[in-house]
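Encoded as structure tokens, the structure appears first; notes follow it.
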Amino acid sequence: MAAAADPTTTSATAFRPEDYAALDEALAQTDELLERAYPGDDGSRQPVHTVYVPADKYDPSLPDAWGTEALAAVERAGGMEALCRTLGFDADLTSRIASKASAKLTAEPIEDLRLDFEDGYGNRPDGEEDADAVSAARLVAEAVEAGTAPPFIGIRFKCFEADTRRRGLRTLDLFVSTLAAAGPLPDGLVLTLPKVSTAAQVEAMVVACRRLESAHGLGDGRLRFEVQMETPQLILAADGTVPVAQLLHRGAGRISALHYGTYDYSDSLQIAAEYQSMEHPAADYAKEVMQVAVAGTGVRLSDGSTNIIPAGSHEQKQQAWQLHARLVRRHLERGYYQGWDLHPAQLPTRFLATYAFYRQGWDAAARRLHNYVHQVASEVMDEPATARALARFAHRGLLCGAVSPDELDSAVGISEAELFALAHPKATH
């Protein structure tokens, strides 16, 4: 009698070696596209905000001056704990974030600084803008050398529309050329291309970057840039396509972020000034399109700003702080981890709202991460996708200072390196 067949070795299968090879060949372009165009987030630090100042108003002491002014505004309002109460935070949360915010405003009040040669600077004689571009680069080089520059710093130059294209390119050239002549470019150098309307303008910026790299002996790809999303033509083009998705893949890997421009975009849709806001339905629609477009690409997102400044009467200041904190919390909840700030008095609520977001979600996230990593049965059955989301949340909390490495170790039982590997598996590989 014949022995029974071993099903693990003799079971018949439909696919032959040549079938696998044929499918590999058929999907080769898809494999290449996914690897090249959708590398995922690299897990590096993203600033929680960007501060814009007119380029000619910058000097290396500006960040410290903004921090001092921010702390003074809080002190006039009764102190950081009083501001926390104004924002509706309970005593426990206040005890966890008030001192952190004060320390932040002292040590690093601005994470990302943009010296503005566009709307915040205006149209000036060419000789004046030339001189300011050179001066700005020299001052940035001095600040970097002295260790007083924010972690991220750069310029916003004029857009590539016909009327301002050559002026914008010349300012970009003078700034980068002067900075390169002073020594190695700062690691956190950021260049911002505003009022983009077509993917062709992004391709023009790629050409400009390559020319600057060639002229100054910089490595290919050293210069990257942000795109400011301020026109509806990026959301829906004349031919019915969505250019914001196209330009990401026509930017030669140089686009680092998309920044939503609250007021230019709102104005282009003829929204009345009173109703122009980061939370207008038109703004939400544009930002949702941007969010879908960047998914998986590694390109970061930033929300815009509010021009309601904590100034005037005590009541007006409180209302402005409450609005700003609510808007910061709102974009964090929606997956936008960065925004713009326009005034020193907005910095306290930027950091308080950011720290509150991570602190209020920390206990639950840490518990779920611990249970997932250590395979502890619980009421939530997390899978790899939710574990990645939990790990990214914890990692961002670490990077911004809301959570400490000791808390990660005690609450989750993993190291920062292990957290990074869980949050960003593609970057780890």
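The chain is numbered in sequence order, starting from 1. This is a predicted model, so every value here is computed, not measured.
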Note to self: With a 6.0 Å cut-off (strictly less than), is the heavy-atom count around CG of D92, excluding the residue itself, greater than 12?
What the structure shows: yes
Item checked: Closest non-hydrogen atom pair between A252 and V206, with its separation -> CB-CG1, 3.9 Å
Checklist line | Side-chain donor or acceptor of Q346 paired with backbone N/O of L342 under 3.5 Å | finding: yes
Item checked: Aromatic ring proximity F393/F357, centre distance under 6.0 Å -> yes
Note to self: Check whether K158 reaches the backbone of F117 with its side chain - one donor and one acceptor, N or O, closer than 3.5 Å.
What the structure shows: yes
Check: Between H331 and M278, does a side chain to side chain contact (heavy atoms under 4.5 Å, CB included) hold up when you go through it step by step?
Finding: CA-CA 9 Å; H331 72 65; M278 297 158 63; 3.9 Å; yes
Item checked: Test side-chain hydrogen bond (donor to acceptor under 3.5 Å, both in side chains) applied to T241 - qualifying residues, sequence neighbours left out -> D239, Q246
Margin query: Taking side-chain hydrogen bond (donor to acceptor under 3.5 Å, both in side chains) as the definition, give me every residue that meets it alongside Q322, ordered by chain and number, with sequence neighbours left out.
Written below: none
Checklist line | Pair Q228-R156, side-chain donor/acceptor within less than 3.5 Å | finding: yes
Next item on the list: Give a yes-or-no answer on whether the side chains of D132 and Y121 include a donor-acceptor pair shorter than 3.5 Å.
Entry: yes
Margin query: Assess whether a salt bridge exists between R170 and D126, defined as any Lys/Arg side-chain N lying under 4.0 Å from an Asp/Glu carboxylate O.
Written below: no
Check: Can a salt bridge be assigned to the pair D41 and R388 using a cut-off of 4.0 Å between side-chain N and carboxylate O?
Finding: no
Next item on the list: Using a strict 4.0 Å threshold on nitrogen-to-oxygen distance, state whether D173 and R166 make a salt bridge.
Entry: no
Item checked: H343 (side chain) donor-acceptor with A345 (main chain) under 3.5 angstrom -> yes
Margin query: Whether R396 engages the ring of Y337 as a cation-pi pair (distance to the six-membered ring centre under 6.0 angstrom, angle to the ring normal within 45°) should be assessed.
Written below: yes
Note to self: Q360: which residues meet the side-chain hydrogen bond (donor to acceptor under 3.5 Å, both in side chains) condition with it, sequence neighbours left out?
What the structure shows: R329
Check: Between T354 and R350, is there a donor-acceptor pair closer than 3.5 Å when you use the side chain of the first and the backbone of the second?
Finding: yes
Note to self: Check whether E75 reaches the backbone of M80 with its side chain - one donor and one acceptor, N or O, closer than 3.5 Å.
What the structure shows: no
Item checked: Nearest heavy atoms of Y355 and A402, plus distance in Å -> CD2-CB, 3.8 Å
Check: Do the charged groups of E129 and R124 touch, with an N to O distance under 4.0 Å?
Finding: no
Next item on the list: Might you point out which heavy atoms bring L185 and V176 nearest each other, and give the distance in Å?
Entry: CD2-O, 4.5 Å
Margin query: Please find the pair of heavy atoms, one from F175 and one from A136, that lie closest to each other, and give the distance.
Written below: CE1-C, 4.0 Å
Distance-only criterion, 3.5 Å: show the donor-acceptor pairs between side-chain atoms of residues 58-66 and protein atoms not counting sequence neighbours.
from	atom 1	to	atom 2	distance (Å)
D59	OD1	S61	N	2.7
D59	OD1	S61	OG	2.3

Item checked: From T306, V328, T349, residue fulfilling side chain to side chain contact (heavy atoms under 4.5 Å, CB included) relative to L323 -> T306
Next item on the list: Answer yes or no: does atom CD of E25 have more than 12 heavy-atom neighbours from other residues, nucleotides or ligands under 6.0 Å?
Entry: no
Note to self: Is it the case that the side chain of T148 and the backbone of V144 share a donor-acceptor pair, with hydrogens and angles ignored and the cut-off at 3.5 Å?
What the structure shows: no
Taking distance alone, no hydrogens or angles, what donor-acceptor pairs closer than 3.5 Å link side-chain atoms of residues 264-275 to residues at least two apart or in another chain?
from	atom 1	to	atom 2	distance (Å)
S266	OG	T262	O	2.6
S268	OG	Y265	O	2.6

Item checked: Neighbour count >12 (heavy atoms, 6.0 Å) for atom CZ, R211 -> no
Notebook entry, point to check: Quick one: do the R224 and S256 side chains pair a donor with an acceptor below 3.5 Å?
Noted result: no
Item checked: Whether H259 and W340 hold their rings parallel, tilted or perpendicular, with breakpoints at 30° and 60° -> tilted
Check: Between the side chain of E111 and the main-chain N/O of V48, is any donor-acceptor distance below 3.5 Å?
Finding: yes
Margin query: So that I can tick it off, tell me whether E213 and R222 are bridged by a salt bridge, with the cut-off set at under 4.0 angstrom between side-chain N and carboxylate O.
Written below: no
Notebook entry, point to check: Do D341 and H324 get their side chains close enough for a donor-acceptor pair, meaning under 3.5 Å?
Noted result: yes
Note to self: Could you check whether any side-chain N or O of E35 sits under 3.5 Å from a backbone N or O of E32, counting only pairs where one atom can act as donor and the other as acceptor?
What the structure shows: no
Next item on the list: Decide yes or no on side chain to side chain contact (heavy atoms under 4.5 Å, CB included) for L223 and L189, but give the supporting numbers first.
Entry: CA-CA 8 Å; L223 296 178; L189 175 65; 4.1 Å; yes
Check: Do other residues, nucleotides or ligands put more than 12 heavy atoms under 6.0 Å from E145 CD?
Finding: no
Margin query: Considering only residues two or more places apart or on different chains, which pairs with a residue in residues 280-289 satisfy salt bridge (Lys or Arg N to Asp or Glu O under 4.0 Å)?
Written below: D284-R330, K287-D303
Next item on the list: For residues W362 and A394, report the shortest heavy-atom separation together with the two atoms involved.
Entry: CZ3-CB, 3.8 Å
Margin query: Checking side-chain polar atoms at under 3.5 Å, does Q318 have a donor or acceptor matched by the opposite partner on H314?
Written below: yes
Item checked: Donor-acceptor under 3.5 Å (Q46 side chain, L301 main chain) -> yes
Item checked: T50 and Q338: side chain donor to acceptor below 3.5 Å -> yes
Margin query: Given 3.5 Å as the limit, does a donor-acceptor pair link the side chain of R96 with the main chain of R359, or not?
Written below: no
Next item on the list: Under the side chain to side chain contact (heavy atoms under 4.5 Å, CB included) rule, what do S177 and L212 come out as? Steps first, then yes or no, please.
Entry: CA-CA 8 Å; S177 296; L212 288 166; 4.2 Å; yes
Notebook entry, point to check: Between D116 and F157, is a side chain to side chain contact (heavy atoms under 4.5 Å, CB included) present by the stated rule, with each step listed?
Noted result: CA-CA 7 Å; D116 191 10; F157 46 94; over 6 Å; no
Note to self: Can you see whether R167 engages T171 through a side-chain donor-acceptor pair at a distance of less than 3.5 angstrom?
What the structure shows: yes
Note to self: I'd like to know if E142 and R138 make a salt bridge, using a cut-off of under 4.0 Å between side-chain N and carboxylate O.
What the structure shows: no
Next item on the list: Run the salt-bridge test on R300 and E226 with the 4.0 Å N-O cut-off and return the result as yes or no.
Entry: no
Item checked: R36 to Y38, cation-pi by 6.0 Å centre distance and 45° axis angle -> no
Margin query: Does N123 have more than 12 heavy atoms from other residues, nucleotides or ligands lying within 6.0 Å of its CG?
Written below: no
